[in-house]
Amino acid sequence: MRNLRARAIQITFAFLILVLSFLYYSNSASFEDLRSQLQTTEPSLRIEALLQITLPYEAPFFPLLLNTLEDPDPIVAHTAFQILQKSSPAEILPFLQTAFNQKSPILRQKIIQLLAHFGYSAKPILPFLLQVYSENEIVVQIEILAQITKIAPTSPEVFVLLKNALQQESPLLRQQALTTLASLPPTLDLSFEPYFILALRDPLPEIRILAITLLDQMACYTALPTLLLCLKDSQFGVRESAILAIIHLGKTHLEILPSLLNTAQNCDPSSREAFLKVFYGIGKEAIITLPFVLQCLQDSDEWVQLHATRCAGVFQAVVTVPYLIPFLKNPSLPIFPEALKALGAIRHPQPIPDLLRLLQNIPKEHRSLLSWTLAQMPPKNIFPLLKPLLQETKVYLRCQALWILGELNDPIGIFALSLALNDEDYLVRREAIRALGKLGEKAKGLEVDLQKALTDIDEEVRNEAKCILSKFQEKDPVKK
């Protein structure tokens, strides 16, 4: 009985194998059928024929698929490319090398892209790729330069090839070589530096920008003189790239600052703006350039003055305050908001009277920034001058004064805030209660006033008072 059961299982298993084999071979396209279907004029039929090919691919299919990469219909060509991507690199590499000999630029480009997809597995074909590159077919050369680091990213032959491309007459080759190098991790050796410095004089601005990017990645200290020349470049993109590179260099090599200052003091007027961008980009560490900044604050060019104002704010240099106050006269000028930011960063009390006068009639678009600037001032200096604003008839002025008191975060203004809780205007009361919320524990002495605010006719005032009191209770479990 057991023998009969085992025999039945064997027969059933053999039958299943026969059925599966039949299904496989009936659904798989034969080579001749596929070749004839790929010659049809209808692209959809050619795509359907390609989709019938199943793994593993037989040897005759590889040349057929490779030739299909040149199909006039891009979807058909892309389908063939996707099918080839699934193949084994070891099986397909000999066919790829043979296909190169057809000398079709389109086919060669596709094959190079396919090799890049296989990555390091395609390295055995590298010598042949270098030989193809030497045939000086520009389209193929560009594709090789674009993809070769995916096949052999650290190969010495590849770096020699890229250096050679940087010296070619064709700007397309030079640009592609730089683009490829820029895509690599920033671990290039210094032997590339002369090539990049030479590229800074290239007639194409795109190439100059790429060269600056690479010098920036390498942090080349010796490239500084050439980068400084780029600050006078006619192309905005080149100048801005050079500024960023010098900023990065200055942050890592503070010893170059004296040299930068000396160059800036002797530069032509058109380069002053660029040097100022460098100095405030480096940060407070560049404060030794302050003499140049003071000189530029008195420059006749308003954009030079604007960037010098940014430097003053970054350096937090008190000595610049007298130079910045005159810039507050005209709110319509671009330098006006920059002066407010700089004065807020410096936090010196000298401009407080001028700032408070501005608050009376400043345009709405600058009101928040002006209030922020005032809120940066020392509380003991600003509070006595701020008190009259709390008695102003204009509601927005009382509100601004209360907002500033809240931002000061100092108990010096608590009594004034408690009085404001009784103001007739709900907007003022709202601002007063918000300011008390910012003070936190410092407002704990006003619990009676806050309890009274719980009955205010304005819902927002009531909610804010409730929130503040609940925080007090959380920190004082005895009163819970």
Side-chain angles (χ1 to χ4, degrees), residues 126-127 129-131 133-134 136 138 141-260 262-264 266-267 271 274-275 278 281-282:
L126 179 61
L129 270 180
L130 297 175
Q131 178 188 334
Y133 182 89
S134 66
N136 296 325
I138 188 75
Q141 285 180 315
I142 290 171
E143 195 65 50
I144 290 174
L145 290 173
Q147 307 292 349
I148 199 165
T149 53
K150 298 173 186 174
I151 299 167
T154 57
S155 172
E157 299 96 327
V158 171
F159 288 139
V160 170
L161 179 70
L162 291 167
K163 288 177 181 178
N164 175 267
L166 291 172
Q167 302 174 73
Q168 297 301 309
E169 290 185 10
S170 168
L172 295 174
L173 290 178
R174 298 198 302 272
Q175 185 172 354
Q176 185 56 63
L178 287 168
T179 303
T180 300
L181 287 165
S183 68
L184 294 174
T187 55
L188 296 174
D189 61 76
L190 291 176
S191 65
F192 276 97
E193 184 182 346
Y195 297 92
F196 299 155
I197 291 176
L198 184 65
L200 292 177
R201 299 181 176 89
D202 198 280
L204 279 182
E206 295 85 357
I207 290 179
R208 300 201 294 276
I209 290 172
L210 281 168
I212 292 169
T213 302
L214 286 159
L215 288 169
D216 187 12
Q217 288 179 5
M218 295 173 67
C220 294
Y221 177 86
T222 52
L224 180 61
T226 315
L227 287 171
L228 289 172
L229 291 176
C230 292
L231 296 181
K232 296 189 285 187
D233 198 280
S234 59
Q235 294 292 321
F236 176 79
V238 176
R239 294 197 303 274
E240 292 299 305
S241 297
I243 287 168
L244 285 175
I246 298 170
I247 287 171
H248 296 156
L249 204 57
K251 285 183 174 181
T252 54
H253 298 278
L254 292 175
E255 65 273 16
I256 72 172
L257 284 171
S259 173
L260 285 176
N262 182 58
T263 309
N266 295 289
C267 74
S271 300
F275 274 103
V278 168
I282 292 173

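When side chains are defined from C-beta on, L184 counts as touching F159, because their heavy atoms get closer than 4.5 Å. Side-chain contact between L260 and L257 is present, with at least one heavy-atom pair separated by less than 4.5 Å. Taking the side chain as every heavy atom from C-beta outward, F192 and L214 never approach each other to under 4.5 Å. At least one side-chain heavy atom of F275 sits less than 4.5 Å from a side-chain heavy atom of T263.
Under the rule for a side chain to side chain donor-acceptor pair (under 3.5 Å), E206 has no partner lying at least two apart in sequence or in another chain. Partners of T213 under the side chain to side chain donor-acceptor pair (under 3.5 Å) rule, at least two apart in sequence or in another chain, do not exist in this structure. Partners of R208 by salt bridge (Lys or Arg N to Asp or Glu O under 4.0 Å), not counting sequence neighbours, listed by chain and number: D233. Under the side chain to side chain donor-acceptor pair (under 3.5 Å) criterion, T222 pairs with E193, not counting sequence neighbours. Scanning for salt bridge (Lys or Arg N to Asp or Glu O under 4.0 Å) contacts around E143 gives an empty result, with sequence neighbours left out. For Y133, the side-chain contact (heavy atoms from CB on, under 4.5 Å) partners at least two apart in sequence or on another chain are Q141, I144, L145, L161, N164, A165, L173.
Closest non-hydrogen pair, I138 versus S170, comes out as CD1-OG, 3.5 Å. A pairwise comparison of heavy atoms in S191 and K163 identifies OG-NZ, 2.8 Å as the closest pair.
Here the CD1-CG distance, from I207 to D202, works out to 3.5 Å after rounding to the nearest 0.5 Å. Between atom CZ of residue R239 and atom CG of residue L244 there is a gap of 13.0 Å, rounded to the nearest 0.5 Å. Separating the OG atom in S271 from the CG atom in N266 is a distance of 11.5 Å, to the nearest 0.5 Å. Rounded to the nearest 0.5 angstrom, L231 CG and S241 OG are separated by 11.0 Å. Atoms CG and CG, on L200 and L227 in that order, are 6.0 Å from each other to the nearest 0.5 Å. Distance check, rounded to the nearest 0.5 Å: CD1 of I212 to CG of L178 gives 11.0 Å.
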Evaluation steps, side chain to side chain contact (heavy atoms under 4.5 Å, CB included), between H248 and T252: CA-CA 7 Å; H248 296 156; T252 54; 5.9 Å; no
Test log, rule side chain to side chain contact (heavy atoms under 4.5 Å, CB included), inputs I148 and L130: CA-CA 10 Å; I148 199 165; L130 297 175; 4.1 Å; yes
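A donor-acceptor pair is defined here as one N or O able to donate and one able to accept, closer than 3.5 Å; no such pair exists between the side chain of Q131 and the backbone of P127.
Defined by atom type and a distance below 3.5 Å, a donor-acceptor pair is present between the side-chain atoms of E157 and S155.
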